[in-house]
Amino acid sequence: MEYGKLNIHVVSENTNYPISDATVRITSENEPERTIEESNTNQEGQLNDIELEAPPLEYSMEPGANKPYSEYTIYISAPGFETVEINGAEIFSGQTAIQEASLLPVATGEPDSAELFVIPDHTLWGDYPPKIPENEIKTVEETGEIVLSRVVIPEYIVVHNGPPSDSRAKDYYVKYKDYIKNVASSEIYSTWPEATLQANILAIQSFTLNRVYTEWYRNKGYDFTITSSTAYDHKWIPNRNIFDSISRVVDEIFSNYLSRPNVEQPILTQYCDGRNVTCPNWMSQWGSKALGDQGFTPIEIIRNYYGDSMFINSTEEISGIPSSYPGSPLRQGDSGEKVRQMQRQLNVISNGYPLIPKIAEDGIFGPATENAVRTFQKIFNLTQDGIVGLRTWYKISEIYVGVSRIAELV
């Protein structure tokens, strides 16, 4: 028997503070009446490393007749909050799945209520409409259309949960990185080689930033950035679980996108699965997996499909963060304003996560600051080295913005 792991993180939707002692109950798709696990979240609102059965790893390595993941239902409840039920959480062999849950507070005396989220099939397993081809570079005419003057990583994007013309579909405000992690977890398998994950994530990011940069849907009279329809954009699923291997890659390369010489806008990099649908001159997902197995680098995989002129670009224009990454890691012995900013943010975060010790906001990276950083890294499943590299810096910024509520939707 093979297993994967599930980590659960429960917060209040109103404050983003963790909810301790929330009850988590897990059942299997195959035996919905049998409780596999029932435990409570810790002081940080977490329940980590739950082992759950999963199909053999090999099922996700080649297209085949066997579903490569098992599915579970997660029930989350806490006094004073609305219960959440997530049906169809995916577990792969050897992978850590991450389930974030935001619970809505209910007023005293109100009847108990529950919110249900149903996770549909993964796009590599289920039946979804293929992408309708578009030009990879959008022509922007002098007609007064809104087009950004530079590539910016937005804090939020607005996702229309359906095709563009479906006026009944709900719009969701989603943090940019969370959107990319959700789409990647919905459209590629987390078990694939790292280079394949990076190549596909770069394609997803570049496509998304093209929609942002050209204001594609807003210029057609819509009030959203992108849709969740595979015929038009990518598959995004409300409240689906993501995977640690994918989350780590996104955290490291989220400000990157794909470019061609003398083209300002990110390229609309379209792709298909390469099994049910073929797409000449676009990336094949299963084909990219085979190239990753052969040792191709991410850019080699990209160029194999989109041509040799494609290159990886990046932007330092990142919305919604208090301060940009200092350019090199902060560690014990460093000092200055960037250290002070990081100390201040950790102290605010510690109001919601009291295991993180309060530290002096003196701009000096001493042993106490290193200890606070290590504690933060442990809570948020980062490498516990006490060094504030890019991934830790932006995670601190993300949690700080969430718990301090200083973010404004853009």
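Keep in mind the model is a prediction, meaning the values are calculated, not measured.
Proximity of Ser284 to Tyr271: side-chain heavy atoms (C-beta onward) are nowhere separated by under 4.5 Å. Taking the side chain as every heavy atom from C-beta outward, Leu47 and Asn40 never approach each other to under 4.5 Å. When side chains are defined from C-beta on, Asp308 does not count as touching Met310, because their heavy atoms never get closer than 4.5 Å.
A side-chain donor-acceptor contact under 3.5 Å links Thr269 to the backbone of Ala203. No side-chain donor-acceptor contact under 3.5 Å links Asp121 to the backbone of Trp125. The closest donor-acceptor contact from the side chain of Gln205 to the backbone of Ile253 lies under 3.5 Å. A donor-acceptor pair under 3.5 Å is formed between the side chain of Ser206 and the backbone N or O of Ile267. A distance-only check finds no donor-acceptor pair linking the side chain of Thr73 to the backbone of Thr27 [under 3.5 Å]. Under a 3.5 Å cut-off, the side chain of Asp293 and the backbone N or O of Pro193 do not form any donor-acceptor pair. For Gln265 (side chain) and Asn210 (main-chain N/O), no donor-acceptor pair under 3.5 Å exists by modelled atom type. No donor-acceptor pair under 3.5 Å is formed between the side chain of His160 and the backbone N or O of Ile226. Using a distance-only test at 3.5 Å, with no hydrogens or angles considered, a donor-acceptor pair links the side chain of Thr230 to the main chain of Pro129. Remark: the backbone N or O of Asn313 is not paired with any side-chain donor or acceptor of Ser259 at under 3.5 angstrom.
Between Arg260 and Glu136 a salt bridge is recorded (basic side-chain N to carboxylate O distance below 4.0 Å). Residues Arg211 and Glu215 are not paired through a salt bridge, judged by the lack of any N-O separation under 4.0 Å between the basic side chain and the carboxylate. Using a 4.0 Å cut-off between a side-chain N of Lys or Arg and a carboxylate O of Asp or Glu, Arg275 and Asp273 do not qualify as a salt bridge. By the 4.0 Å N-to-carboxylate-O rule, Asp251 lies close enough to Lys177 to be salt-bridged with it.
Tyr394 and Tyr325 have tilted rings, their planes meeting at an angle from 30° to 60° on a 0 to 90° scale. Between His9 and Tyr353, the ring planes are tilted. Angles from 30° to 60° get that label. Tyr179 and Trp236 have parallel rings, their planes meeting at less than 30° on a 0 to 90° scale where 60° marks the start of perpendicular. Relative orientation of the Phe380 and Phe376 rings is tilted, given thresholds of 30° and 60° on the angle between their planes. In this structure, His234 and Phe207 have tilted ring planes: the angle between them lies in the 30° to 60° band.
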With side chain to side chain contact (heavy atoms under 4.5 Å, CB included) as the criterion, how do Val24 and Ile74 come out once you've worked through the C-alpha distance, each side chain's angles and the decisive distance to 0.1 Å?
CA-CA 7 Å; Val24 176; Ile74 305 169; 4.0 Å; yes

Hey, mind stepping through Arg340 and Glu337 against salt bridge (Lys or Arg N to Asp or Glu O under 4.0 Å) and telling me if it holds?
CA-CA 5 Å; Arg340 191 190 314 277; Glu337 187 54 34; 3.2 Å; yes

Does the pair Ser190 and Gln95 meet the rule for a side-chain hydrogen bond (donor to acceptor under 3.5 Å, both in side chains), with working shown?
CA-CA 7 Å; Ser190 59; Gln95 297 292 301; 3.2 Å; yes

Might you work through the side-chain hydrogen bond (donor to acceptor under 3.5 Å, both in side chains) test for Gln341 and Ser323, ending with a clear yes or no?
CA-CA 8 Å; Gln341 290 169 349; Ser323 180; 2.8 Å; yes

Please evaluate residues Asn351 and Lys358 with respect to the criterion side-chain hydrogen bond (donor to acceptor under 3.5 Å, both in side chains), reporting the C-alpha separation (whole Å), side-chain torsions for both, the decisive distance (0.1 Å), and the verdict.
CA-CA 9 Å; Asn351 294 330; Lys358 295 286 187 181; 2.7 Å; yes

Show your working on side-chain hydrogen bond (donor to acceptor under 3.5 Å, both in side chains) between Glu187 and Asn200 and close with a plain yes or no.
CA-CA 9 Å; Glu187 297 205 334; Asn200 280 272; over 6 Å; no

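Judged by the 6.0 Å and 45° rule, Lys220 forms a cation-pi pair with Trp216.
Counting all heavy atoms, side chain and backbone alike, Thr196 lies closest to Gly292 at OG1-CA, 3.3 Å. Contact record, Pro329 with Ile387: CB-CG2, 3.6 Å, taken as the closest heavy-atom pair. Ser247 and Lys181 get closest at one heavy-atom pair: OG-NZ, 3.1 Å. When all heavy atoms of Asp171 and Phe224 are compared, the pair lying nearest together is OD1-CD2, 4.1 Å. Closest non-hydrogen pair, Ile8 versus Ile50, comes out as CD1-CD1, 4.1 Å. Here the closest heavy-atom approach between residue Ile76 and residue Ala101 is recorded as CD1-CB, 3.6 Å.
Remark: the Thr191 side chain and the Ser60 side chain contain an N/O donor-acceptor pair separated by less than 3.5 Å. A donor atom on one side chain and an acceptor atom on the other are not found under 3.5 Å apart for Asn7 and Gln99. A side-chain donor-acceptor contact under 3.5 Å links Ser39 and Glu37. Counting only N and O atoms by type, the side chains of Tyr72 and Asn30 include no donor and acceptor under 3.5 Å apart.
The list of ring-ring contact (aromatic ring centres under 6.0 Å, His included) pairs with a residue in residues 32-71, not counting sequence neighbours, reads Tyr69-Phe92.
Here the OG atom belonging to Ser185 is positioned 4.0 Å from the CD1 atom belonging to Ile246, to the nearest 0.5 angstrom. Expressed to the nearest 0.5 Å, how far CD1 of Ile379 lies from CD of Gln384 amounts to 10.0 Å. The CG atom of Asn239 lies 12.0 Å from the CD atom of Glu85; values are rounded to the nearest 0.5 Å. Atom OG1 of Thr123 and atom CD1 of Ile237 lie 8.0 Å apart (nearest 0.5 Å). Expressed to the nearest 0.5 Å, how far CD of Glu361 lies from OG1 of Thr369 amounts to 10.0 Å.
The side chain to side chain contact (heavy atoms under 4.5 Å, CB included) test with Val373 singles out one residue from Gln343, Gln332, Met342, Arg331, and that residue is Met342.
Applying the side chain to side chain donor-acceptor pair (under 3.5 Å) rule to Lys138 yields the partners Glu134; only residues at least two apart in sequence or on another chain are considered.
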